[in-house]
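One structure below.
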Amino acid sequence: MEEFTKNVIEVIKSIPKGKVCTYGGIASMAGRPTGARQVTRIIHSMSRKHDLPWFRIINAKGMISLPEMRGYNQQKALLEAEGVVFDDKDRIDLKRFLWMGS
DNA sequence: CCACTGACTACTT
DNA sequence: CAAGTAGCCAGTG
């Protein structure tokens, strides 16, 4: 297990409720600014064994990239339940909800 | 061990 | 502003 991977897990687990984070942001905090795609893999692989709050992860545009029947609905519902707001274009206001570490 | 596969991102057309 | 392209790199089988 690489350090990077562990860090990513840590970061994901430390995202506060009601906040979201981008792939790039997580990768960056984990020490690999260019590893956005690896974050994706980690979420897929690790969330199966560990129970990571994958629903707090979104892309750089503040949107969920998943097909609707693949977790999109669940993710949106969970986020809204935590207070995150989606605009009329289903985008999240990153200025208010993006978490960049403590 | 090698190849494939990604919920990406930033830049260029 | 939409669409294409090139970096990116480790988990899984």
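Order of the sequence lines sets the chain letters (A, B, ...), proteins ahead of strands, with each chain counted from 1.
The environment of Asp51(A) atom CG is sparse: at most 12 non-hydrogen atoms of other residues, nucleotides or ligands sit within 6.0 angstrom.
A donor-acceptor distance shorter than 3.5 angstrom exists from the side chain of Ser14(A) to the backbone of Glu10(A), with no hydrogens or angles considered. Put simply, the side chain of Gln75(A) gets close to the backbone of Ile57(A): a donor and an acceptor are under 3.5 Å apart. Between the Arg56(A) side chain and the Ile12(A) main chain, no donor and acceptor come within less than 3.5 Å of each other. Between the side chain of Lys19(A) and the main chain of Arg96(A), a donor-acceptor pair closer than 3.5 Å is present.
As a whole-Å value, the separation of Phe4(A) CZ from dG11(C) C1' is 12 Å. Per the geometry, CD1 belonging to Ile9(A) stands 11 Å off C1' belonging to dG11(C), to the nearest Å. Straight-line distance from the CZ atom of Arg32(A) to the C1' atom of dA10(C): 10 Å, rounded to whole Å.
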**Message:** Within the 4.0 Å limit for protein heavy atoms, which parts of nucleotides 2-13 of chain B are touched? Write it as a string from 5' to 3', B for base, S for sugar-phosphate only, - for none.
**Reply:** ---BBBBS----

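Taking the nucleotide of DNA chain C with the nearest heavy atom to each of Met46(A) and Gly35(A), the more 5' of the two is matched to Gly35(A).
Among all heavy-atom pairs drawn from Tyr23(A) and Ile58(A), the shortest one is CD1-O, 3.1 Å.
Residue Ser45(A) places none of its side-chain N or O atoms closer than 4.0 Å to OP1 or OP2 of dA10(C).
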